[in-house]
Structure formats: C-alpha cells, structure tokens
Protein chains: 2
Amino acid sequence: MRPTVHDIAAAAGVSLATVDRVLNQRAGVRTVTREKVEQAIERIGYVRDVAAANLAKSRVYPFVFILPSGDNSFMRGLEEQVRAAIGRSAVERTDITVVTVPAFNVEALVAALDEARAGSPAGVAVVAIDSPDVIAAVDRLRAGRIPVVTLVSDLAGSKRDHFAGVDNIAAGRTAASLMGRFLGGRSGPVAVLAGSMLVRDHRERLDGFRTVMAEHFSGHALLPVIEGQDDPALVEKLVGKALAASPEIAGIYSLGAGNRGLIAALKRRVNAAPVCVIAHELTQHTRAALNDGLIDVVLNQDAGHEVRSAIRVLKAKADGVAVIGAQERIRLDIFLKDNLPFEQDSNQAPAEGRQD
Amino acid sequence: MRPTVHDIAAAAGVSLATVDRVLNQRAGVRTVTREKVEQAIERIGYVRDVAAANLAKSRVYPFVFILPSGDNSFMRGLEEQVRAAIGRSAVERTDITVVTVPAFNVEALVAALDEARAGSPAGVAVVAIDSPDVIAAVDRLRAGRIPVVTLVSDLAGSKRDHFAGVDNIAAGRTAASLMGRFLGGRSGPVAVLAGSMLVRDHRERLDGFRTVMAEHFSGHALLPVIEGQDDPALVEKLVGKALAASPEIAGIYSLGAGNRGLIAALKRRVNAAPVCVIAHELTQHTRAALNDGLIDVVLNQDAGHEVRSAIRVLKAKADGVAVIGAQERIRLDIFLKDNLPFEQDSNQAPAEGRQD
DNA sequence: AATTTTCTGATTTACGTACATCAAATTTTC
DNA sequence: GAAAATTTGATGTACGTAAATCAGAAAATT
C-alpha cells in the first residue's frame, strides 16, 4: 500500500498535526523537527494524494483566458476550445473566464491583464502581443504570485511561467524547406504574407523562413512582406495586387491568418503557372483549399491541445508541482491533402458511456 | 456550488442510501423510484466527483501492456514510455504490468493475451499482430468484460475498444506525396522497405503509398517490396543488394523498423546520384541520419502520447465514462531536419517544484 | 526558578463518495 | 388480513488529506 500522512507520522515519531504543518508549510515547527519529518517522507517514499487533497480543500482553480477578438478562424477555434474546457470545469475543478480584446491592441491587452490581476485568479493564459507594456503587465501578475502561460504567441523577456504553442522559428524553417523542395527545378520569386510584425509568432516564422530560403534556396528571391493584418478583405486585395505585379511568382508562404482572402485571390487567377502555397492553421477554409489543390501544405497547431496543455500547466504551477515535459510540448502538424484528419466536432463525445 | 449526492436525495425526496443504490446500480430499488432519482440527477445536473469516488473505493487500475520484444528502437522507446507511466502509477492509481513477446509470433502473443486474461486486469493494451487467432484471443478478453486497446498496430475485425496509433494508410499516402514532390523532375524507380506483411500497420502504409504513387506519380516504378523483418543486419544486406542491382533508384520508402541497416547501406554508397529517403519513427539513428542529410523525412508517432492515451482510454472504458475524442487521436508527425524537436529525456522533470 | 514564548500532540470536523448494516415501511402474495 | 418478500430510510465507517482548536510540553527569556 501507498504510504499516507499517518505513515509519515509513525516513521518520523511525530504527530499527524506536525506532519500536516510540514507538508503545508505552516509555521510553528522547529527546524530539527521539520527535517526529521522531511527525511521520513523521503525514506518511505510518500507522495501526496492530490485527489484527496483537492477534495479536502474543495479546491477550484479560477483561471482567466485572454484572447484576441475579431473575425479570425483560428482564434475563434481557440475560443471554442476554451469553452469546451469550461464545459469540463465540473470534472476538472476549474472556473474559467474568457476575456476577448481587440487584436494587435497593446493598451486593451494591458488593461485586460490588469483587470484579470484584480480578480486574483489561480492563473492567467494569454495570447501575447510583443510589447514592453505587455511584458510589464505580465510581470505584475507574476509579482502577485499569479502563474501566467502565454498561448500561441510567446512573450520573450517576460517572467511568464510557460509557453503553450509551437516553435515558430521551426515552423518558418519547415515552410521554407518544403517550399524549396516542392518548387524543385522551377524558378521564380516567393511571396510572404504576414498579419502583423507586432506579434512574435509571425516575426519568428518569417525569420525561420528567410533563414532557410537564403541558406538552401537562394535561387528564389523573396518579395517584400505583405502585411494583411489578418484581415481577409485586405489580404485579398494585397495578394491580388502582388500576383498581378509579379505574374512569375512561384510560391506563397502565408504565415498569418486571413487565409480566406488569399484563397479568394488564388481562385481568381486563371491560366497562370502553378504556385506552391503554404499556409498556417487548419480551418474550414484552408482545409477546403488543401483538398482543392489551391494550397499545398498547411502547418497547424492544435488549439485543443494548446488549451488543455495551458490548463494542465497552470494547475501544476498553482500547486507548485511538476509537469510531464514531453506532454506539454505542442507539436507542429504538417498537413498535406493526404493526411488530413477527418473533420469532427472538437467537443463531441462518444455515443456510449455517460460522463460521470 | 456543484450538486452532490445529498442534493440528489433532497431533490428526489428519497434517502441517501437510495441515491447510492441508483448511482451504483445496486439491486433493491423499484423502477418508479429509480426513475425519480434519475430525473432528479438530470434536473440538477449532478456530475459524480470521480476523484472522491476513487478515493472512497481505493480504486487502482491493474493494466497489462503487451509489447514485442527484440532489438527495435521504436518498441524499446515504447516500453520506456510504459515504464515512465509505471513511475507515475502512484499518482495515476494504475498498476501496470509489462509483458514482452517475440515479434511477429502469433502463438506467443495469443498465450500472453490469455495469460493476461487469467489475471483479470482492468484493461489490456497490446501491439497487435493481424491474425484470426489473435482476434479470437482479444475477443475472449472482451467477452470477459476486460477493455482492450490496440497500440501502434490495429486489429480490424476484433472487438477491441480503441486503437491508440496513427492512421497508417494516411502515413503511407503522405510518404508517397512527399516522395513524389521531393523527386520533382528526377526520374528513376522507388524502392519500398518493409518489416513484415504480418502486421497491419506495415500493410496499411504500403497500401497508402502505392495508391498515391500510382495515382499521381506513376512515372516512378515501384520495385518489389523488400521484407527486412525489422532486423538491421538483414535490412542492410537486402538494401545493399537492391542498390547495387538498381543504381538508378531515385527514392526509398522505409515503412518498418531496422533503419540502422538502411542507414548503414546508404552510408556505404559513394559517388552515386542522390536518393530521396523517407523513413518511419524518430529514433537516435533516424534523427542523426536526418541531420546528416541521409534521410529526408521521418514520419513519426509519439510513443509517449500513445501510451498515455491508451491509459486514459482504458481507465475511461473501465469506468464506463466518455473520453475527449480529439485528445485521443494520435497524430502523424512529419519531421524534416528543420523541425526536429530538441532531444530530451522522455521522463525528465522540470527542476522547480516537487512531484506531490 | 518563574515566566513567557514557541513548539508539539491529540482530537475533531470536513470534503464527496462508497459500502455495509439494521430497522422500518411498503408492497406483494396467499 | 396476515405473513412474506421487497423496498426504503437512517446511520455509521471508510478513503487520504486539510484545517482548526486547545491542552500540554519544551524551549527561551528574564
């Protein structure tokens, strides 16, 4: 049988109350006694039963998720996943609040972070914008001992506890590697379409892409980056213009959102040479375009995994316990037409069994 | 506050004992009373607190994992992941037994399955071999109400509860798609290297690969399949012979294990035209070969995810509850040199915090 | 040595559920 | 309508931990 607090007490020759004081770092234990207890814990290999502890504490974890608002399929999918997690809150002992703020708006994000702090939650997950003000706001949370996880886009230089997202430099490198190889012998420049250089994930993808293109596929010139603000209408206009200006374009790397606009622009092209298109995030639009052959590769991060991982990490940080490192690494999915997963509701439940 | 059994009793106007009888499907409750209680449960939205229930029951889940033995990096990595899970058993309330049986040996596997059944565990996970005898043995387990999850290689036609592994047809299709595009204009036949056509995953990968090659890249002839039994020495011999016999080979798809042999054979080749190599499973050998440019793509399934998923599903099946479908879908990782994850111990723990 | 302060022990209640026992009420059967 | 069978209620204990109270012991201070 697994040792309990009673076994610690017996092994250390102290009372249950003293064991409890040591375990829960309460005051009123002499250092010698504390060490005696800690040695006993070590010796008998005691591991706290988290389930029982949570039960006794009636623990719930109030978390705040801060996401960009707006018409962005990926972000709306992310929000849907957070809401799915809210649906599981009874089982997972969470109490999650979702806050949306206008995209690429530093002041709004800082205000949301500060407001979250005022509610003193057990943790905050945030899709970060790279800015000194945001870093300061995150560090204020951390100064108040509130764990912070960045979601999707990281915030280097801040004291955030963890980043739940993909390695975006690797994503950019991968895009370049696939682009170069898919183009094979073909010549022609490559266009890059981004949302905004304000967010770190976009910048990192661009860096990775540029590095590998320059290193291995320098035959393809890179056209100036198109900044579409993740806005489909704007993207469509800008891409259309770029395609008209450089009809010899061989490839397009779309590293942000607003892919609906890209797809619309591609559809309007007729009798033109094939273009290798690599885009990010699997949405209904990119999925359809992949199936139609308009897009060649979709690089994806699984929003559901990111949300679940963020929650696990926030819980662990709130409790001061370790996490399974490998489980929390968010992987970059590479989707071709051939390995598209079946479409399904993100929060469907199997027919059999009842959630209890 | 979340409703408890007491709330059900109050809402239904019955005693706690009756609620307990209904919840745990004990005898001695009239149908009308049972329905009254069930309606109350529905009405107040009661969800059983699994942690408290497990605590009260002192529940542990005895599971058996049956894996192939032998010198196969992927399978050994899988076993390591199972042992890592054993290390978490105190926290996860599991009691896992690992059984290894000779690879591709139907009788040994059937014997292991029957022996597992004799111990009446709460669930069995097995790397299956496709054979009527194995199907029968799995169905015997299911007949004894023991949940079964197939791991890595599925067992179609059996009554297994779940498959924790990748879609291998999609994997084969993806390999073909990448192979065809990477070869670009180059001509030459493509060789396929398999372990054994006895296991379903290898057969499915081959099917998917052949289909897409025939459909889109028929310019490349497929050489007869080389069956290397996942044995590095044998593989090296056979691949060396094949390369000598057909020096114009443009690509190699290695869909099984024994990649050490493949890599050795490739290294011995000098002054020959480049070959596009796509292999399965990220091991220290394939990782190094990818970095050296000997292998172009590694398709991978994350053994850690598979093991953790198998455990989650077995628990859920044992308890008769639902699982998060999307979370249990094992994804196919596509690794290029550019998106290789950092090497790390599979069961390392962060420095800060203590597991309690 | 007496007093104050700090530390430790003993005990109890609680968390939400499982499970067992026995008495009481209700229904069924003859 | 009485006896038998079934159903329901009341109650207590247990799981492993948290948290509180209060008495008593041990140290530190005077």
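Values below: all heavy atoms of this structure, side chains included; hydrogens, waters and symmetry mates excluded. Letters go in sequence order (proteins before strands), and every chain restarts at 1. The structure displayed is predicted, hence computed values, not measured ones.
In this structure, the salt bridge (Lys or Arg N to Asp or Glu O under 4.0 Å) partners of A:Arg142, at least two apart in sequence or on a different chain, are A:Asp161. Not counting sequence neighbours, A:Arg21 has no partner by the salt bridge (Lys or Arg N to Asp or Glu O under 4.0 Å) test. Shown here are the salt bridge (Lys or Arg N to Asp or Glu O under 4.0 Å) partners of B:Arg160, two or more places apart in sequence or in another chain: B:Asp154. Residues satisfying the side-chain contact (heavy atoms from CB on, under 4.5 Å) test with A:Ala316, not counting sequence neighbours, are A:Val321, A:Val323.
Summarising the geometry, the separation between NZ on B:Lys57 and C1' on C:dA18 is reported as 8 Å, rounded to the nearest angstrom. Following rounding to the nearest Å, B:Leu55 (CG) and C:dA14 (P) show an atom-to-atom distance of 17 Å. The CG atom of A:Asn54 sits 11 Å away from the P atom of D:dA19 (whole-angstrom rounding). The CZ-C1' distance, from A:Arg59 to D:dA19, rounds to 15 Å in whole Å. The distance from atom CD1 of A:Ile44 to atom C1' of D:dG16 is 13 Å, rounded to the nearest whole Å. The distance from atom NZ of A:Lys36 to atom P of C:dC7 is 14 Å, rounded to the nearest whole Å. For the pair A:Asp7 CG and D:dG16 P, the interatomic distance rounds to 9 Å; values are reported in whole Å. In this structure, CG of B:Leu23 is placed 15 Å from P of C:dG16, rounded to the nearest angstrom.
Within residues 9-17 of chain A, no residue has a heavy atom under 4.0 Å from DNA chain D.
Look at B:Asp167 and B:Arg331 and you find no salt bridge, because none of the NZ, NE, NH1 or NH2 atoms lies under 4.0 Å from a carboxylate O. The pair B:Glu79-B:Arg83 counts as a salt bridge, with a side-chain nitrogen and a carboxylate oxygen less than 4.0 angstrom apart.
Phosphate contact (OP1/OP2 of C:dC15, side-chain N/O of B:Arg2, threshold under 4.0 Å): absent. The phosphate of D:dA19 (OP1 or OP2) has a side-chain N or O of A:Arg26 nearer than 4.0 angstrom. Between A:Arg21 and C:dG9 there is no side-chain N or O to OP1 or OP2 distance below 4.0 Å. Listed pair B:Thr4 / C:dG16 fails the phosphate criterion, with no side-chain N or O lying under 4.0 Å from OP1 or OP2.
Under the salt bridge (charged side-chain N to carboxylate O under 4.0 Å, His left out) criterion, no residue pair touches residues 3-17 of chain B, with sequence neighbours excluded.
Listed candidates were C:dT17, D:dT8, D:dA19. Nearest to the side chain of B:Ala52 is C:dT17.
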Below 3.5 Å, can you tabulate the donor-acceptor pairs from side chains in residues 29-39 of chain B to any protein atom, sequence neighbours excluded?
{"unit_1": "B:Arg34", "atom_1": "NH2", "unit_2": "B:Arg26", "atom_2": "O", "d": "3.4"}

Which atom pairs, donor and acceptor, lie under 3.5 Å between side-chain atoms of residues 52-65 of chain B and protein residues at least two apart or in another chain?
{"unit_1": "B:Arg59", "atom_1": "NH2", "unit_2": "B:Asp319", "atom_2": "OD1", "d": "3.3"}
{"unit_1": "B:Tyr61", "atom_1": "OH", "unit_2": "B:Asp319", "atom_2": "OD1", "d": "3.4"}
{"unit_1": "B:Tyr61", "atom_1": "OH", "unit_2": "B:Asp319", "atom_2": "OD2", "d": "2.6"}

Handout entry: Protein proximity profile, nucleotides 23-30 of chain C - base contact B, sugar-phosphate-only contact S, no contact -, cut-off 4.0 Å on heavy atoms
Key = ----S---
Exercise for the section: Given side-chain contact (heavy atoms from CB on, under 4.5 Å), test A:Ile330 with A:Phe163 step by step and report yes or no. Expected result: CA-CA 9 Å; A:Ile330 305 296; A:Phe163 169 52; over 6 Å; no
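Residue whose closest nucleotide on DNA chain D sits further toward the 5' end, between A:Ala53 and B:Ala27: B:Ala27.
Using a 4.0 Å heavy-atom distance criterion, B:Asp20 is classed as a base contact.
Pairing for C:dC30 goes to D:dG1, judged as Watson-Crick or G-U wobble with the two contacts each under 3.5 Å.
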